[in-house]
Amino acid sequence: MSITLNHTHDVHARSWVESANATGADFPIQNLPHAVFRRAGSSEAFRGGVAIGDQVLDLAALVRLQQLDGLALDAAKAAAQPALNDFFALGNAAWKALRHALFALLKNDAPVATVQAVRDCLVPQSEAEYTVPARIGDYTDFYTSIDHALNITRLMNPDGDVTPNFRWIPIAYHGRVSTIGVSGQRFHRPMGQAMAPGAKAPTYQACARLDYELELGVWIGTGNTQGEPIPLERAEEHIFGICLLNDWSARDIQFWEMAPLGPFLAKNFATTISPWIVTMEALAPYRQAWTRPTSEPQPLAYLEHAANRESGALDIRLEVWLESEKARKDKTGPSRLSSTSFKHQYWSVAQMVTHHTMGGCSLNPGDLFGSGTISGPGEGEAGAIIELTRAAQSPVTLANGEQRGFLEDGDAVLLRGWCEKPGHARIGFGESRGTVLPARG
Ligand code: CA
């Protein structure tokens, strides 16, 4: 099921783009994530690009150079479009052909004439702006971290447990595409109904309990035909790659509206994703065994496979940072709120894909999954502020002394992610940043 390691994962490989070789760089030659970009503030057409160091390799310009041929050229033409859906639809062989061709062009032993030509296709990331990288047909948000689910449950009942279905089903709801934006998104604090404890009627007001959710976005590459479920051993072939995702959440609105049909207005006003999609091939060195303690129920047969057990989990390190308006004005920088890893997730991304399609639902190229809030088992590993502050009962203190129970106007929330371990290149996700504006009352 999983992609085997090959020469594009070689930790010793270096690029002639020097910034890609720097210690701690998010985008070394072993990563090569995809985005859709243009020069910031220009009227240029958006087109596909690949990150290398602090540069974007402009795939539309590269195609014109005639340095590629065969499947890699077909893939580059599709990946140069203003939306990556056609590239996703080409499937694994094309994604791999392009990765391997770009690796050869960008490696420090590429012919001098190649380097001179390809250098002209680079745009500094500091001069680029990005857009949502595909036409997202459907967006599904999962709920697959048991630590998050337990933290939320125990806010209301300290002895409570997750709902019985959590341990058997990768739980999800169908979300909203129209308000998904790329990093840099700014949105107004939502208005809505909330029911105060003990009150007899709800009030219409600006959300008073605004929160973020640290999640990963899973981009569906190739889809399936309606009525033809994707078996677990084939599920990862359908995943193109992964980005960072912030599922902004209005907790007061959510807790009033959620029963019995699930979140609605509490979740549909904004979702922020990082511009770069890290491919499953780039993540191959960071796969690890997916485990389920023997004290827990084991998955039903359709969610069980040896390959998922062997390498279904991904060790992606994640952090949440908060930059208040005051910190931004004073230039004192953001404060780290939490850090964890995706490896703790109760269900794997493959199990999400298989479960989603098991009843006959079709997925399409460019569909997006949210992983669900990612919280780890330890202190300081919670992926939402409601967990960190126990619903504002224990506010967090920022580096400049400000306190937060929930988010305030002007707050920017930054998500960061990367993979790192000895003997392998660091694979970074870049950043997802979103900013809260005051409510339109
Ligand atoms: Ca969520």
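Just follow the structure's listing: the first ligand is 1, and inside any ligand the first atom is 1. In this text the structure is predicted, and so the values were computed from the model without any measurement.
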**Asked** Can we call the ring centroids of Phe142 and Trp347 under 6.0 Å apart?
**Response**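 Aromatic pair excluded; centres sit 6.0 Å or further apart.
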
**Request:** Would you check if the distance from the ring center of Phe269 to the ring center of His188 is below 6.0 Å?
**Result:**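 Ring-ring flag for Phe269/His188: false, centres at least 6.0 Å apart.
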
**Message:** Students often mix this up, so state it plainly: with edges at 30° and 60°, are the rings of His148 and Tyr143 parallel, tilted or perpendicular?
**Reply:** perpendicular

**Prompt:** Would you call the rings of Phe240 and Phe88 parallel, tilted or perpendicular if under 30° counts as parallel and over 60° as perpendicular?
**Reply:**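 Judged by the thresholds at 30° and 60°, the geometry between Phe240 and Phe88 is tilted.
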
**Message:** Test side chain to side chain donor-acceptor pair (under 3.5 Å) on Asn308 and Ser348; report intermediate values, then the result.
**Reply:** CA-CA 8 Å; Asn308 188 61; Ser348 69; 2.7 Å; yes

**Prompt:** What protein atoms of element N, O or S are positioned under 3.0 Å from the Ca ion (ligand 1)?
**Reply:**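 N, O, S partners closer than 3.0 Å: Asp141 OD2, Glu213 OE1, Glu215 OE2, Asp247 OD2.
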
**Message:** Under 6.0 Å from the ring centre and within 45 degrees of the ring axis: does the NZ or CZ of Arg292 meet both conditions for the six-membered ring of Tyr346?
**Reply:**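 So Arg292 does make the cation-pi contact.
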
